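One structure is given below, encoded as structure tokens.
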Amino acid sequence: MQREAFIQQLWLDYVHHQPDIGGLRLWPVTARAEYLTLLTLSHGPWAMEALLPVLAEHGYRPRHRYAMADRGLLVTLLGPTDQEGPWLVLAELQLGTLSRRPRERLRRLVDRADASPVSLPCGGRPWPMPSWDDYQTLVDAHPLAGWLAVMGTRVHHSGFDCSDLGDDIQHLDERLRQTGFSGDADRHRGVFPVSPLLDYRFYATHSQRLPFADGDLHRVPLGGLALVQKRVNANQERSVELLLPHHTLCELG
């Protein structure tokens, strides 16, 4: 699959599950996202090392890796080989950082996945929907464990560079607020901490009602949208290359 088609598939899956984003008309629909954040977990064919060759086939190669022990995450930043298009931020939840009970529940759930090959990291949730009780146990242990249980491996949120949108972050923040999005400047929102080299806002989308294994419907948060803006325009790197705190950077294997 060509990279453009691959990114379109990721994007369409993302806006299908987060219709708030698909309905935004504050900038041209052709505006390029700076990055897409993919969530996965360190188990079986969904582990990062298993997905990296798949992403390489679609024109992405690892540029930097980050370790965030306090969040139980390994994050790999992947850039397109031709420098065009959005980057990918692949965040892997480390199952070993969960306490025994939630770890066993999540592993037991994932091990019930459809045995057919995982062709794309946006394959969604190939395992059964958890019960509401299991979901709550996982969310209490780690919000991303609960998210992965109900969503599988797919895009959690997109990030847009304000310079690409032709406006500054203050004006875009105000326009988003007028459409019902409440921005949060907390740099620890949106999966991972964000570097002080960027101005940052995270906008959670409205929760969606999902059917759980025991048949009842519950609203759960599914992700959101981020805005980033360089604080020093002299930097030659793209904003996504400055996204994660430098102290979390580690060597690529």
Side-chain angles (χ1 to χ4, degrees), residues 1-23 33 35-60 73-76 78 86 88-95 102 105-132 134-136 138-139 142-159 190-191 204-225:
M1 184 187 297
Q2 293 183 348
R3 193 191 69 243
E4 292 79 7
F6 170 62
I7 290 299
Q8 183 181 38
Q9 182 171 348
L10 286 177
W11 181 262
L12 291 176
D13 179 76
Y14 164 62
V15 297
H16 171 72
H17 289 90
Q18 304 196 53
D20 299 10
I21 304 298
Y35 64 89
L36 300 175
T37 300
L38 284 166
L39 291 189
T40 193
L41 69 163
S42 61
H43 187 65
W46 302 280
M48 182 182 293
E49 291 306 319
L51 293 181
L52 288 177
V54 177
L55 293 170
E57 293 175 2
H58 297 292
Y60 282 92
L73 291 175
L74 284 179
V75 178
T76 297
L78 298 106
L88 299 179
V89 183
L90 180 62
E92 180 191 60
L93 176 65
Q94 306 301 295
L95 290 189
R105 289 197 182 194
L106 184 54
R107 181 174 288 147
R108 187 165 57 244
L109 180 71
V110 170
D111 283 343
R112 295 170 61 197
D114 185 338
S116 61
V118 178
S119 60
L120 292 174
C122 63
R125 178 179 48 81
W127 45 83
M129 193 70 170
S131 68
W132 177 242
D134 279 352
Y135 171 76
Q136 290 181 303
L138 292 170
V139 166
H142 196 302
L144 298 185
W147 192 94
L148 286 161
V150 300
M151 295 296 286
T153 55
R154 52 169 39 108
V155 174
H156 175 274
H157 70 272
S158 59
V191 180
T205 51
H206 294 105
S207 59
Q208 301 293 319
R209 288 174 65 88
L210 298 180
F212 284 78
D214 35 21
D216 51 348
L217 294 171
H218 296 277
R219 284 195 170 274
V220 297
L222 297 185
L225 168 78

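Heads up: numbering here begins at 1 and tracks the sequence. Being a predicted model, the structure only gives us computed values, none of them experimental. Side chains are part of it too, since the values below use all heavy atoms of this structure and drop only hydrogens, waters and symmetry mates.
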Apply side-chain contact (heavy atoms from CB on, under 4.5 Å) to the pair His43 and Asp111, showing each step before the final yes or no. CA-CA 9 Å; His43 187 65; Asp111 283 343; 2.7 Å; yes
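Listed for the Ser42 side chain is a donor-acceptor partner under 3.5 Å among the backbone atoms of Leu93. Gln18 places no side-chain N or O within 3.5 Å of a backbone atom of Gln208 that could act as its donor or acceptor partner. Judged by distance alone, the side chain of Gln94 and the main-chain N or O of Glu92 form a donor-acceptor pair under 3.5 Å. Checked by atom type and distance alone, the side chain of Thr40 never pairs as donor or acceptor with a backbone atom of Thr153 at under 3.5 Å.
Atoms CG and CH2, from Leu222 and Trp147 in turn, are 8.0 Å apart once rounded to the nearest 0.5 Å. Rounded to the nearest 0.5 angstrom, Leu41 CG and Leu144 CG are separated by 11.0 Å. Atoms CG and CG, from Leu52 and Leu78 in turn, are 6.0 Å apart once rounded to the nearest 0.5 Å. Taking CG of Leu225 as the reference point, atom OG1 of Thr205 lies at 9.0 Å (rounded to 0.5 Å). The line from OG1 of Thr76 to CE of Met48 is 3.5 Å long, rounded to the nearest 0.5 Å. Atom OG in Ser131 sits 5.5 Å away from atom CG in Asp214 (nearest 0.5 Å).
Within a 6.0 Å radius of NE2 in His218, more than 12 heavy atoms belonging to other residues, nucleotides or ligands are found. The 12-atom threshold is not exceeded at CZ of Arg112, counting heavy atoms of other residues, nucleotides or ligands nearer than 6.0 Å.
Side-chain contact check for Val220 versus Phe212: some heavy-atom pair is nearer than 4.5 Å. Side chains of Trp46 and Pro126 form a contact here, defined as non-hydrogen atoms less than 4.5 Å apart. For the pair Tyr14 and Arg154, the minimum side-chain heavy-atom distance is 4.5 Å or more.
Relative ring orientation between Tyr35 and His157 is described as perpendicular, the plane-to-plane angle rising above 60° on a 0-90° scale split at 30° and 60°.
Pairing each heavy atom of Ala149 with each of Trp127, the nearest pair is O-NE1, 3.1 Å.
The one candidate from Leu39, Leu138, Leu109 that meets the side-chain contact (heavy atoms from CB on, under 4.5 Å) condition with Leu148 is Leu39.
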